[in-house]
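Notes to accompany the following structure.
To find a chain, count down the sequence lines: A is the first, B the second, and so on, and within it residues start at 1.
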Amino acid sequence: MKSNRFWIIIFGAIILLSVIAVFIFARKQGDTVKIYQNGQLIHTGNLGMVSEPFNISVEFNGGTNIIAVEQGRIRVISANCFDGTCVRQGWHTGGLTPIVCLPNRLVITVEGKSDIDAVVG
Amino acid sequence: MIKISVLLIIFTVAISGCENMQAGEQVSETRLLLDTFCTITIHGAADDIDKLTDVMGRAFDICLEYEKLFSITIEGSDVWQINHAGGEPAAVSSQTIEVMRAGIEFGELSGGMFDITLGRLSRLWDFGGNKSVPDKAEIDAAQATVNYRQVNINGNFVHLENPDAWIDLGAIAKGYIADKIALYLAEQGVTSALIDLGGDIVTIGSRGDDKPWRLGIRAPFGSADEYIGVIEIVGASVVSSGIYERGFDESGVWYHHILDPGTGMPVISDIVSATVVADNAIIGEGLSTIVILAGSREAAALFERVPGFIGAVLVLENGEVQIFGDVRFAG
């Protein structure tokens with residue numbers, strides 16, 4: 001009887017840990033941000049793990065983009081490119097549309113668990 | 001006791017393994033091409049992954065090859081040859097002729113609102129690199145060269161009657177290329193794929209698990225991950241045009257990239273975003289631009305006249321969303 005209780009506690013603990021692990025894994029999954037410059041991955045990180053907001057400055061051929069990073073979201077806050085499309089795209093939290101600055105060859109993606117396959121517009 | 005242990009182990013494994021791969025494999029690659037963000041996604045059997053990867057590489061090669069034909073800025077492209085022929089006929093590829101003929105048809109369909117001889121104007125405004133309104137005199141001079149009826153095609157030769165005119169195929173070239181990539185993939189036996197050339201989308205079949213592809217329509221002037229709704233399609237194309245995509249602010253006025261050939265200025269339209277579902281992307285790309293040029297009152301009559309049109313979602317400047325044709329849209 002004592003032995004049964006021991007095994008139930010052990011397996012109960014395994015189940016509990018598994019459930020916790022699944023939730024942590026699922027939470028982290030939607031949060032991976034990747035910053036590419038001219039096709040090369042230059043920064044990657046987990047947006048869910050950001051405790052204090054910070055900025056990243058990225059330069060390419062004289063062009064500069066300032067990227068703001070906060071918990072769960074990222075955006076370009078300023079750029080010296082011609083069109084400013086990247087700034088107008090605003091905060092990105094995990095949709096499929098990447099933030100793109102073509103003049104400065106900058107692409108920011110957030111790998112989320114989206115239920116859509118692509119974005120038009 | 002053993003039974004309890006086995007059940008618990010099975011349950012534990014089932015929870016931990018909930019992220020298992022589905023039966024079909026997916027190969028997806030993204031590259032910066034055509035001045036935009038291009039993604040190709042192919043679903044297939046696991047033992048075909050090597051072949052699918054090769055096919056993917058070739059698909060992007062096709063994209064590059066067409067860019068070298070249709071670019072207005074790449075020296076030596078077919079379009080560049082036509083624009084610098086000085087009033088003489090220029091010999092070009094059959095693919096360029098095909099896109100030009102489609103462009104001229106769109107010109108006819110729209111009564112001249114859509115015009116492939118907009119090249120001087122589009123280069124003058126240069127929305128990819130400029131941030132100011134050109135001089136009125138320069139706009140007028142460029143606008144005077146616009147007239148697709150002065151384009152003569154004879155075999156593989158293109159002759160511009162006005163030697164100062166420039167061709168610009170940018171309004172339909174991406175759709176044509178997306179269609180050609182889809183054709184190539186289908187010829188290679190691909191039965192489930194999504195080609196996304198900067199928002200010009202062509203799908204082959206369903207998404208691999210017999211479910212339709214789900215495409216989000218971006219909210220005009222919204223942030224990168226705001227959608228007004230979702231369209232579901234199987235084996236069709238979806239293309240959007242919008243006045244919010246490219247442009248610049250000057251003195252509080254938004255100057256966007258969809259130019260009115262009649263004025264040489266960004267068109268004033270009650271439509272801010274037009275998404276067209278069609279049999280192929282070149283139709284969708286042409287129609288989505290034309291309907292913005294024409295305005296929402298002309299939309300129904302315009303769509304009716306085009307074989308291959310399936311449906312459309314228009315977002316008006318007052319926020320109203322209008323649905324046309326046979327489109328599965330959930331806002």
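If you measure heavy-atom distances from A:Val100 to chain B, the contacts under 4.5 Å come from the side chain alone. For a residue to count as touching a neighbouring chain, one of its non-hydrogen atoms must lie under 4.5 Å from one of that chain's; by this rule B:Thr275 touches chain A with the side chain only. Only the side chain of B:Val230 comes within less than 4.5 Å of a heavy atom in chain A; its backbone stays farther off. For a residue to count as touching a neighbouring chain, one of its non-hydrogen atoms must lie under 4.5 Å from one of that chain's; by this rule B:Ile217 touches chain A with backbone and side chain alike.
Atom CD1 of A:Ile56 is separated from atom CD1 of A:Ile42 by 8.0 Å, given to the nearest 0.5 angstrom. In this structure, the separation between CH2 on A:Trp91 and CD1 on A:Ile99 is 9.0 Å, given to the nearest 0.5 Å.
Per-residue heavy-atom pair counts under 4.5 Å with chain B were compared for A:Leu102, A:Ile10, A:Thr85, A:Asn38, and the maximum is reached by A:Leu102. Between chain A and the options B:Phe127, B:Phe248, B:Trp254, the largest number of non-hydrogen pairs under 4.5 Å is found for B:Trp254. Counting heavy-atom pairs closer than 4.5 Å to chain A, the top-ranked of the candidates B:Gly216, B:Gly199, B:Ser288, B:Gly198 is B:Gly216.
Between the side chain of B:Thr203 and the main chain of B:Gly235, a donor-acceptor pair closer than 3.5 Å is present.
A:Ile77 pairs in a side chain to side chain contact (heavy atoms under 4.5 Å, CB included) with only one of the listed residues (A:Val87, A:Ile67, A:Asn55), which is A:Asn55. When each of B:Ile292, B:Val272, B:Ile243 is paired with B:His256, the side chain to side chain contact (heavy atoms under 4.5 Å, CB included) condition holds for B:Ile243 and for no other.
In this view, B:Tyr244 and B:Phe221 satisfy the ring-ring contact (aromatic ring centres under 6.0 Å, His included) rule, not counting sequence neighbours.
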